[in-house]
Amino acid sequence: MLRLITQSGDIVQELRRLHHRPVPSPWPVMAKVVAAMEHWATVSQDAPPRVSGAELDAAYQRISQEKLSVIRQACNILEQIYRPQLPKAKVRFPEDGTVRGQRFYAVRRAGFYLETKRGDALGNLLRQGMLAKTMGVGERVLVTETISPTILVAAQEMGIEEIYLAAGVPAIAMLTWGAKNIAPVESITGAGSPEVMAAKQLVSGVVTIDQTLARTNLMVLADSEANGQWLALDLLAHAEQYPNASAVLLTNRLDLGEEVIQSVNRYCREQEHSVHTEKALAHYGLVAIVEDLEACGNWVNEFGPHILLLAMEDPWAMVEKVQRAREIYIGYHSPSILGHYLSGATRLQTQDGAMATASELAFHCFLRSSQLLDYGNTLPPPWLKDLVNWQGLTAIEERLGQLERLNED
């Protein structure tokens, strides 16, 4: 299943193969997406079914108190993580007499797309809902193809009660342009099928969307003190979530590399891992034995993993060398799965067989900003008038001249 490589030249070649393999293109599905969007825009659309108040109330009766407690704890923790990271208004008073600043405010209405068939659906909902709630988004809309009591309760715990049964491209179109008795939203987040991701890209000029991630590759650097069984689970967990992404382990211990491979094989025999997980590790998994782990910084930067796990005694020395990793998990006890809930990382993913799609939330998904500028009686710099004069911008030149005459008076 997992390949073991010990020769330096082979390692470099394999890392480059994994890094440079073609990214799935959205263009094969784009024509179908455009046609569906055009149909939606030209035909009067009825609203999809909305989950009723009775259904929302009944959901609480269909889950255990233990599950409800866990949902509430997760919501509280996520709010505690997100709130200190909220951007704050800034105002500066330079010595030239001007006032310059920036203020932030939440969008009024946000839409969440939720794929519930496979993957971490509950986690995806919690991350979207709590980030938007913490940022003060007033109206939050959920669209999903299927519902469960757990999803309905989690949505209500975050203040989401406007829930529609819709999926695919029509759901994105409905959120973007609205439907009968449904107002459009200002932002759309959530991971879905390749068609859904393409539809979001298509409407990104109309609404704000989260960033689509082409791949979420994992690289692990492990020294002699690392636990082989833990590392095997890290690789398996990543392949489970992202079967079309790479999972690479670099270590300076041959026996550790062999232990990881044995553990992966054993887990796959004993547990009900899907055939897609095994194929993912066979095609995109790698265990490489290196002579000097500390010298792997250049390889990390060339490979450019989205997720980097440093299972090392002195991980901070490697942190200083890394320039191309989006998320870095430091030390033996920091598996990347904790980042979903405890670090503020806002990766969303969904999986359908051998294909996985992912996106990344950010504060800008739910925020607008305004620049604050007060120039008072400050004269415009001479070079600015020359700059606009050279380009024939006469109205701007005249307005600058008025400022100069006002100060003379």
Quick one: does [X]'s side chain get under 4.5 Å of [Y]'s, heavy atoms only?
X      : Y      : answer
Ile81  : Gln85  : yes
Gln391 : Leu387 : yes
Glu14  : Ile5   : yes
Lys67  : Thr150 : yes
Glu327 : Leu308 : no
Val322 : Met318 : yes
Met158 : Leu126 : yes
Ile289 : Arg253 : no

Electrostatic pair [X]-[Y], nearest N-O below 4.0 angstrom:
X      : Y      : answer
Glu161 : Arg140 : no
Arg72  : Glu157 : yes
Glu162 : Arg109 : yes

(request) Can you spot which of Val169, Val185, Val143 makes a side chain to side chain contact (heavy atoms under 4.5 Å, CB included) with Met174? (result)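 Answer to the side chain to side chain contact (heavy atoms under 4.5 Å, CB included) test with Met174 among Val169, Val185, Val143: Val143.
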
(message) Out of the candidates Val260, Leu286, Leu309, Val248, only one should pair with Leu235 under the side chain to side chain contact (heavy atoms under 4.5 Å, CB included) rule; please name it.
(response)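 For Leu235, the side chain to side chain contact (heavy atoms under 4.5 Å, CB included) check succeeds only for Val260.
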
(request) Show your reasoning for whether side-chain contact (heavy atoms from CB on, under 4.5 Å) applies to Glu186 and Val207. (result) CA-CA 5 Å; Glu186 296 178 55; Val207 297; 5.8 Å; no

(request) Compute whether any side-chain donor of one residue and acceptor of the other, for Ser193 and Glu115, lie under 3.5 angstrom apart. (result)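 No, Glu115 and Ser193 have no side-chain donor paired with an acceptor closer than 3.5 Å.
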
Taking all atoms of both residues into account, what is the closest heavy-atom pair of [X] and [Y], and its distance?
X      : Y      : value
Thr277 : Ala239 : CG2-CB, 3.9 Å
Arg368 : Val107 : NH1-CG1, 3.2 Å
Tyr284 : Ala245 : CB-O, 3.5 Å

(message) If you apply the rule side-chain contact (heavy atoms from CB on, under 4.5 Å), what do you find for Asn298 with Glu302, and how did you get there?
(response) CA-CA 6 Å; Asn298 290 335; Glu302 182 174 351; over 6 Å; no

(request) With side-chain contact (heavy atoms from CB on, under 4.5 Å) as the test, would you mind laying out the steps for Arg127 and Asp120 before giving the verdict? (result) CA-CA 11 Å; Arg127 288 188 286 278; Asp120 185 16; 3.5 Å; yes

(request) List the steps and the verdict of side-chain contact (heavy atoms from CB on, under 4.5 Å) for Asn217 and Phe303. (result) CA-CA 9 Å; Asn217 295 330; Phe303 185 67; 4.0 Å; yes

Sub-3.5 Å donor-acceptor pair from the side chain of [X] to the main-chain atoms of [Y], do we have one?
X      : Y      : answer
Glu55  : Ser52  : yes
Arg324 : Gly304 : no
Ser263 : Glu259 : yes

